[in-house]
Amino acid sequence: MNTCANWLDLDCELRPASDRFKVATAQPEADLALDDRAATAAVHRLAESLAMNTRLVNSPLYRALALDIAEHQLAGSFGTTHFVHYALTLDLLEGELVDAIIAGGPLKLPLRDRYLPDLASVLNVSDRLCAGGALALTAIARPADPFRAEADYVLLVQERSGNVLNAARRLAVIPKGFHQPHTDIRRDAQIGATLRREMKEELFGRPDIDNTVTDSLARACDHYKT
């Protein structure tokens with residue numbers, strides 16, 4: 001994981017006053033140019049998705065163009081990309097690393113060498129496809145209980161569906177989802193908008209426009225007055 005010193009301890013509420021990402025352009029990027037190795041990896045991803053009956057929907061996705069992050073502030077600009085551009089390129093790096101570790105021996109990571117050859121390329125988000133998701137940990141306070149003793153918190157974690165393309169059947173915090181426009185491409189650019197949408201879907205049963213499971217699962221949350 002990579003970060004910068006001024007990205008830590010932000011104490012930033014995800015409200016419009018401090019969550020101030022803007023959309024610089026709503027025009028999706030042009031089609032990707034892939035060399036033979038990258039194209040082969042993309043074809044394998046598509047073939048695997050078909051074989052495993054994984055649902056792949058080419059929805060619009062935000063991509064970072066500039067970042068201005070400081071204490072009490074999340075700001076910068078987004079463009080848009082196609083989900084398949086991310087799914088068939090940068091999203092393959094984790095699988096490549098896992099496969100190389102399992103194989104043993106010296107790590108050979110040709111896709112990483114192509115897409116993220118050095119630290120400068122990681123930090124220069126305007127010159128690469130910097131897309132992905134937002135996540136948060138939900139903690140619900142519980143009062144003291146004679147059977148549970150002291151007051152504590154419930155931390156919500158779920159096992160992801162086996163039909164999703166990304167991190168299938170892995171444990172994940174709630175909410176977690178790709179940062180993408182839902183109804184208003186400019187208003188939805190705020191990180192908080194994605195997290196609130198995912199909370200409604202994953203915690204309170206709001207229908208997901210791209211749901212990969214048959215049944216809608218909702219968690220009943222207890223509300224306590226102090």
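Heads up: numbering here begins at 1 and tracks the sequence.
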hydrophobic_cluster_shared for Leu61 and Leu195, side chain cutoff 4.5 Å: no

Test item: Glu201 and Arg196 side chains (from C-beta on) under 4.5 Å apart, heavy atoms: no

Other residues, nucleotides, ligands: >12 heavy atoms within 6.0 Å of Glu150 CD: no

Short side-chain to backbone donor-acceptor contact, Thr80 and Ala26, under 3.5 Å: yes

Of Phe21, Phe78, Tyr62, the residue whose pairing with Asp188 passes side-chain contact (heavy atoms from CB on, under 4.5 Å): Tyr62

His182 side, atom NE2; Glu198 side, atom CD - distance, nearest 0.5 Å: 9.5 Å

Closest non-hydrogen atom pair between Thr138 and Ile174, with its separation: OG1-O, 2.6 Å

Check against side chain to side chain donor-acceptor pair (under 3.5 Å), Asn124 and Ser126: CA-CA 6 Å; Asn124 190 5; Ser126 62; 3.0 Å; yes

Nearest non-hydrogen partners of Ile191 and Asp19, listed with the distance: N-OD2, 3.1 Å

Whether Phe83 and Tyr86 hold their rings parallel, tilted or perpendicular, with breakpoints at 30° and 60°: tilted

Nearest heavy atoms of Arg186 and Val23, plus distance in Å: NH1-O, 2.9 Å

Check: His72 main-chain N/O paired with Asp11 side-chain donor or acceptor under 3.5 Å: no

Donor-acceptor contact below 3.5 Å, side chain Gln158 vs main chain Ala172: no

Any donor-acceptor pair under 3.5 Å from Arg112 side chain to Leu93 backbone: no

Any donor-acceptor N/O pair, Arg128 side chain to Tyr115 backbone, under 3.5 Å: no

Sub-4.5 Å side-chain heavy-atom contact between Gln190 and Arg15: no

Residues Asp68 and Arg20 bridged, charged N to O under 4.0 Å: no

Heavy atoms from other residues, nucleotides or ligands near CG of Asp9 exceed 12 (cutoff 6.0 Å): no

Transitive ILVMFWY side-chain link Leu46 to Leu92, under 4.5 Å: yes

Spatial distance of atom CZ (Arg63) from atom OG1 (Thr81) [nearest 0.5 Å]: 6.0 Å

Within-4.5 Å side-chain heavy-atom neighbours: Arg114 and Asp35: yes

Spacing of Glu96 atom CD and Leu109 atom CG [to the nearest 0.5 Å]: 4.5 Å

Leu56 CG to Leu88 CG distance, which is reported to the nearest 0.5 Å: 6.5 Å

Cluster link Leu14 to Trp7, ILVMFWY, side chain under 4.5 Å: yes

From CG (Leu156) to CD1 (Ile140), nearest 0.5 Å: 4.5 Å

Non-hydrogen atoms of Gln73 and Cys12 that approach each other most closely: N-SG, 3.7 Å

Side chains of Pro175 and Met199 in contact at under 4.5 Å (non-hydrogen atoms): yes

Closest non-hydrogen atom pair between Leu155 and Ala139, with its separation: CD2-CB, 3.5 Å

Hphob cluster co-occupancy, Phe204 + Val154, side-chain heavy atoms under 4.5 angstrom: yes

Backbone of Glu13 reached by a side-chain donor or acceptor of Ser18 within 3.5 Å: yes

Side chains of Pro60 and His82 in contact at under 4.5 Å (non-hydrogen atoms): no

Verify same cluster id: Leu129, Val122 (apolar side-chain graph, 4.5 Å): yes

For the student: nearest non-hydrogen atoms of Leu74 and Ile69, plus distance: CD2-CG2, 3.9 Å

Asp36, CG atom: more than 12 neighbouring heavy atoms under 6.0 Å: no

Rounded distance (nearest 0.5 Å) linking atom OG1 of Thr89 with atom CG of Leu34: 7.5 Å

Identified side-chain contact (heavy atoms from CB on, under 4.5 Å) counterpart of Leu123 within the set Asp127, Leu119, Val125: Leu119

Short N-O contact, Arg170 and Glu94, less than 4.0 angstrom: yes

